[in-house]
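Below you'll find the structure, written out as structure tokens, and then a few comments.
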Amino acid sequence: LAFDIDADNIHCSFHKSGRVCYSCIERAFVWAKKMRRELLKDFNRIEIVYSGAGFHVHVFDRNAFLLSIKERKILNKKFSSYPIDPWVSEGEIYLIRMPYSLNGFVSRKVLPVKNFKFVKEKTFPKFLKI
């Protein structure tokens, strides 16, 4: 089970240019941490992974793997106020960026994270301005 919280799902006037701003990536991390805290009420093993364009909230509990599409839709409804892509967590996609890979669309490393400072220091190549 994974939830996709992308920065481009956060309303920002900068997005009109087709780009995502650093502030929205930071706000996406705040949403991911909030979602993780909520999910910890029902699950035990949850990790946040920087995807290059936002964050994935991965749930590794066995019972999460066994959720039906209907149960996943119920979870999505619970988190409908979050800036998520519901089609990811409903199980309609079977590909997700793997940790330690490169998101070639945005030239960012995909890494598990604990704090946002780590994201800025470890995932933004020096040749890109943020």
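For this chain, numbers begin at 1 and follow the sequence in order.
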- Query: Between N9 and Y82, is a side chain to side chain contact (heavy atoms under 4.5 Å, CB included) present by the stated rule, with each step listed?
  - Reply: CA-CA 9 Å; N9 292 340; Y82 287 65; over 6 Å; no

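- A continuous path of ILVMFWY side-chain contacts below 4.5 Å connects L67 to L40, so both sit in one hydrophobic cluster.
- Relative orientation of the F3 and F79 rings is perpendicular, given thresholds of 30° and 60° on the angle between their planes.
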- side chain to side chain contact (heavy atoms under 4.5 Å, CB included) between I5 and V57: does it pass, once the steps are laid out? CA-CA 8 Å; I5 301 175; V57 180; 4.1 Å; yes

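- In this structure, R36 contributes its side chain and I48 its backbone to no donor-acceptor pair below 3.5 Å.
- Atoms CD and CG, from E90 and D85 in turn, are 11.0 Å apart once rounded to the nearest 0.5 Å.
- To the nearest 0.5 Å, atoms CD1 (I25) and CZ (F55) are separated by 7.0 Å.
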- Task: May I have the step-by-step check of side chain to side chain donor-acceptor pair (under 3.5 Å) for E26 and S23, ending in yes or no?
- Result: CA-CA 5 Å; E26 191 171 23; S23 174; 5.3 Å; no

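- Pairs engaging residues 54-65 under the side chain to side chain donor-acceptor pair (under 3.5 Å) rule: D4-H56 [sequence neighbours left out].
- Between the CG atom of L75 and the CZ atom of F43 there is a distance of 5.5 Å, given to the nearest 0.5 Å.
- The distance from the CE atom of M35 to the OG atom of S89 is 7.0 Å, given to the nearest 0.5 Å.
- Among residues two or more places apart in sequence or in another chain, the side-chain hydrogen bond (donor to acceptor under 3.5 Å, both in side chains) test is passed with K70 by none.
- Distance CD1/I10 to CH2/W31: 8.0 Å, rounded to 0.5 Å.
- Considering all non-hydrogen atoms of both residues, P86 and N76 come closest at O-ND2, 3.0 Å.
- Contact record, A2 with V88: O-CG1, 3.7 Å, taken as the closest heavy-atom pair.
- Distance check: L1 CG to I46 CD1 gives 9.0 Å after rounding to the nearest 0.5 Å.
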